[in-house]
Amino acid sequence: MIDSIIHFPKPRNKAWTVLGSASRAQAAPPRAFHFACLMLVVAIGLAAPRVQAASQAVIGAGPTKGFHLEDYYRGVPGQKDKIKVRISGAEAYYQLGSSSIPIKGLRVEFYDLSGKTNLLIEAEDCIYSKVQEQDFATSTNRLRVTSGGGELQLEGQGFLWRKNADVLTVSNATRALIQRKQPVEITSRGSEFSQTERRVSFWDKVRAHDPEMDITSEWLTIKLRATNSAMETVSSESQVEQIVAETNVVVSLPDQQTETRSDRAEYQFENGQDRVELTGHPTWKRAEREGSADRLLFDRHTKLFIAQGNSYAKLPSGDMIQSSDLFQSLAQPTNRAPVAAHTNEFVEIRADESRLWTNGAVFKGLVRANETDVAAEPVRLSCGLLTITNSSPTAKFDVLTLVNDVVIEQGRTNIHASRLDYDKSRQIAKFSGKVAWQMGPQSGAADLIRFNTEHREMSARDHASLFLQLDQSAHSLIPGFASTNAAATNRPRSLKIICDQYDWEPGLAMFRGGVRVTELAAGQAEGTLSCELLVVRMATNSVQIESLLAETNVQYTIAPNEHATNAMFRKLDCQRLVGEFERGAPIRMVAENGVQVHLKDGIVHGDRLNYDISKEQAELTGSPSVESSMGTMTCPIIYLDLKAHTIWTPNYRVVMPLKSRKNPVKP
């Protein structure tokens, strides 16, 4: 058992007496004030030992000054007993027949086994009373609690301790200071501690504040861990198991310009973590950004926000790829004018889960984003993972990454890919993994497509293809070669291009490696141009061809269809082909090096073919020759009349109907 001894000075009033012998083996001090202070201390995370003692009977009346009460740890044989608790007061007053004892200047000191003070409790005054076997201690004045090392300070105005229920209530102006790595100050109108439940509650205008975070609520509860021993010395930080704030909870992070609101916030300290969980319709706001979720988690060490379940975020449109950035790059093959970027729109993002930290965000699950651009068609985005990296909490994004089934849409424009990496500083957007895009009638595909949004440049690599709807005024690449049938004119024309790679910039397109261009009229193939390099110059913001250059193994073949029945030519081979256009209409074609013109009945050879499209005449030079079933003819120059379907030379004229092989070639 714990030994105790009571020291009273000689009373001034002779009616004040002490009955019974207060021996150290039998007597024990009153517990009221000891427990009143003890409850408050434990509420903040410090365990104080219980003093087990019997009640002390007194009779008579009058003040007693300078009293003190001491409790001791059980002594070890051969060693001196060590003090555990010392309770003292400036003055106590007892009246005969009264159940209340006023005490002034209360002071309670707790000691550990080494003799070091680990807790100090001070009260200006209090009244101890006993009503129907219920013990109470009350005061309307200040109460102050200080741990031995200063880890804890708590004070309040007015308190009530109910001994039998082990509950201490501070009624007004509660203030607690917990010294951690970041000191925490808690203020409220009142507080209550339950020793049995190891819980302290703060209510009414509660505020918990440290240098990095501020929280306000209507209720705040601190749950303490149970101690293993009555003699265990515990620090305030190690004993806090959980802190819960409820009702109108607002958490502010001034240095991050962040604020959250919810019905409930729970602080968890397990395994060295310092994390806050927000539930009950939680929302967050950081500068211009805001969002919500079913559940929010905030890690104070990493400053990471995790939004789980129906995650929603609203970001400035500058935090994403805007239509003015990306889709105007896709718009190069059209005659649409660039659309100006808007600065007051936002992007709404919905996902299964999102993670936001100081300089970025990650959205996971089924991610969907919509641009709230009221001045144009909204941009819609979906993917499985979206990552945004910022240089600062308020800066626009630096790097944007989308992964898994990436789809970006705006009206009739869309892009599908497996991945998108966008570097804002370089203004480079890179799509990879079976990329396909469409903008109105224009479309394309490749394994990798790269956009330079600043210069409106586009490049495609590996298995690249491009479909271009030409202007209404467009003609065949080589008119007269493809068709002479009047029914074939004035039909919608387009180009289907397949190659290893291509690069597109305003006014210029370059295609490399296994280039194959199919001319289509009303969806029907007319001719095919193949080569290893194709360079096409166009008018800005239009698919109106101004010139083309084809090099290496150039071949133009007419497709067999009803519109090519009267065509004079079947195929053109050369190593270099140059075309000149005027307002989208070809006016001249020059073929060089190993030129072969395959006719319906024969082949014309030469080193250079100069085709004047306006006159529908071609001139073949460089040791030209005509090879047919009737034999071979050589001459200095050969002229081809596409309109008359004839071949002739300057010195004499030869008429050779192409449908008849019986007519000889006459000199």
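Computation of the quantities below employed the complete heavy-atom set of this structure, encompassing side-chain atoms and omitting hydrogens, waters and symmetry-equivalent molecules.
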Show the numbers, then the answer: is there a side-chain contact (heavy atoms from CB on, under 4.5 Å) between Leu420 and Ile408?
-> CA-CA 10 Å; Leu420 164 62; Ile408 302 177; 3.8 Å; yes
I'd like to know whether [atom1] of [X] has more than 12 heavy-atom contacts from other residues, nucleotides or ligands below 6.0 angstrom.
| X | atom1 | answer |
| --- | --- | --- |
| His209 | NE2 | yes |
| Lys430 | NZ | no |
| Asp405 | CG | no |

Fit a plane to each ring of Trp504 and Phe511, take the angle between them on a 0 to 90° scale, and name the class: parallel (under 30°), tilted (30 to 60°) or perpendicular (over 60°).
->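 Correct class here is perpendicular.
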Trace of the salt bridge (Lys or Arg N to Asp or Glu O under 4.0 Å) decision for Lys364 with Glu353 = CA-CA 5 Å; Lys364 300 194 299 183; Glu353 178 181 300; 3.6 Å; yes
Do the side chain of [X] and the main chain of [Y] share a donor and acceptor less than 3.5 angstrom apart?
| X | Y | value |
| --- | --- | --- |
| Gln438 | Gly440 | yes |
| Arg426 | Asn452 | no |
| Ser217 | Val249 | no |
| Gln442 | Gln469 | yes |
| Gln308 | Arg295 | no |

Ionic contact status for [Y] with [X], cut-off 4.0 Å:
| X | Y | result |
| --- | --- | --- |
| Lys303 | Glu212 | yes |
| Glu546 | Arg537 | no |
| Asp210 | Arg300 | yes |
| Glu277 | Arg275 | no |

Quick one: closest heavy-atom pair of [X] and [Y], and the distance?
| X | Y | value |
| --- | --- | --- |
| Ile428 | Tyr422 | O-CD1, 2.9 Å |
| Thr279 | Ser262 | O-CB, 3.5 Å |
| Ile388 | Trp357 | O-CZ2, 4.3 Å |
| Ile545 | Phe581 | O-CB, 3.1 Å |
| Pro506 | His455 | CD-O, 3.6 Å |
| Lys496 | Phe467 | CB-CD1, 4.3 Å |

Rounded to the nearest 0.5 Å, what separation is found between the [atom1] atom of [X] and the [atom2] atom of [Y]?
| X | Y | atom1 | atom2 | answer |
| --- | --- | --- | --- | --- |
| Gln596 | Leu609 | CD | CG | 12.0 Å |
| Ser252 | Arg207 | OG | CZ | 9.0 Å |
| Met458 | Ile449 | CE | CD1 | 6.5 Å |
| Met589 | Cys574 | CE | SG | 10.5 Å |
| Glu457 | Leu508 | CD | CG | 9.5 Å |
| Glu454 | Gln427 | CD | CD | 4.5 Å |

Flag for Ser354-Ser311: side-chain donor and acceptor within less than 3.5 Å |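 Yes, a side-chain donor-acceptor pair sits under 3.5 Å.
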Step by step, would you call Tyr312 with Thr283 a side chain to side chain donor-acceptor pair (under 3.5 Å)?
-> CA-CA 9 Å; Tyr312 167 82; Thr283 62; over 6 Å; no
[Y] side chain reached by [X] side chain, heavy atoms, under 4.5 Å:
| X | Y | result |
| --- | --- | --- |
| Leu466 | Trp437 | yes |
| Leu356 | Trp284 | yes |
| Leu572 | Thr557 | no |
| Val435 | Leu448 | no |
| Val250 | Ile215 | no |
| Phe363 | Leu402 | no |
| Thr260 | Leu278 | yes |
| Glu532 | Arg512 | no |

Step by step, work out the side-chain contact (heavy atoms from CB on, under 4.5 Å) result for Arg608 and Val590.
-> CA-CA 7 Å; Arg608 178 182 174 89; Val590 177; 3.6 Å; yes
Would you mind telling me which of Leu577, Val535, Leu534 makes a side-chain contact (heavy atoms from CB on, under 4.5 Å) with Leu549?
->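 For Leu549, the side-chain contact (heavy atoms from CB on, under 4.5 Å) check succeeds only for Val535.
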List the steps, then state whether side-chain contact (heavy atoms from CB on, under 4.5 Å) holds for Tyr502 with Arg461.
-> CA-CA 7 Å; Tyr502 66 81; Arg461 299 291 183 269; over 6 Å; no
Would Asp294 and His281 count as a side chain to side chain donor-acceptor pair (under 3.5 Å) if you check the C-alpha gap in whole Å, the side-chain angles of each, and the deciding distance to 0.1 Å?
-> CA-CA 6 Å; Asp294 294 339; His281 312 97; over 6 Å; no
Side chain to side chain donor-acceptor pair (under 3.5 Å) evaluation trace for Asn370 with Glu348 = CA-CA 5 Å; Asn370 294 314; Glu348 296 179 326; 5.4 Å; no
Do Arg350 and Asn310 pass the side-chain contact (heavy atoms from CB on, under 4.5 Å) test, and can you show the C-alpha distance, the side-chain angles, and the key distance before you say yes or no?
-> CA-CA 7 Å; Arg350 289 173 171 83; Asn310 298 310; over 6 Å; no
Intermediate values then yes/no, side chain to side chain donor-acceptor pair (under 3.5 Å), Glu592 and Gln575 = CA-CA 6 Å; Glu592 297 177 319; Gln575 293 300 312; over 6 Å; no
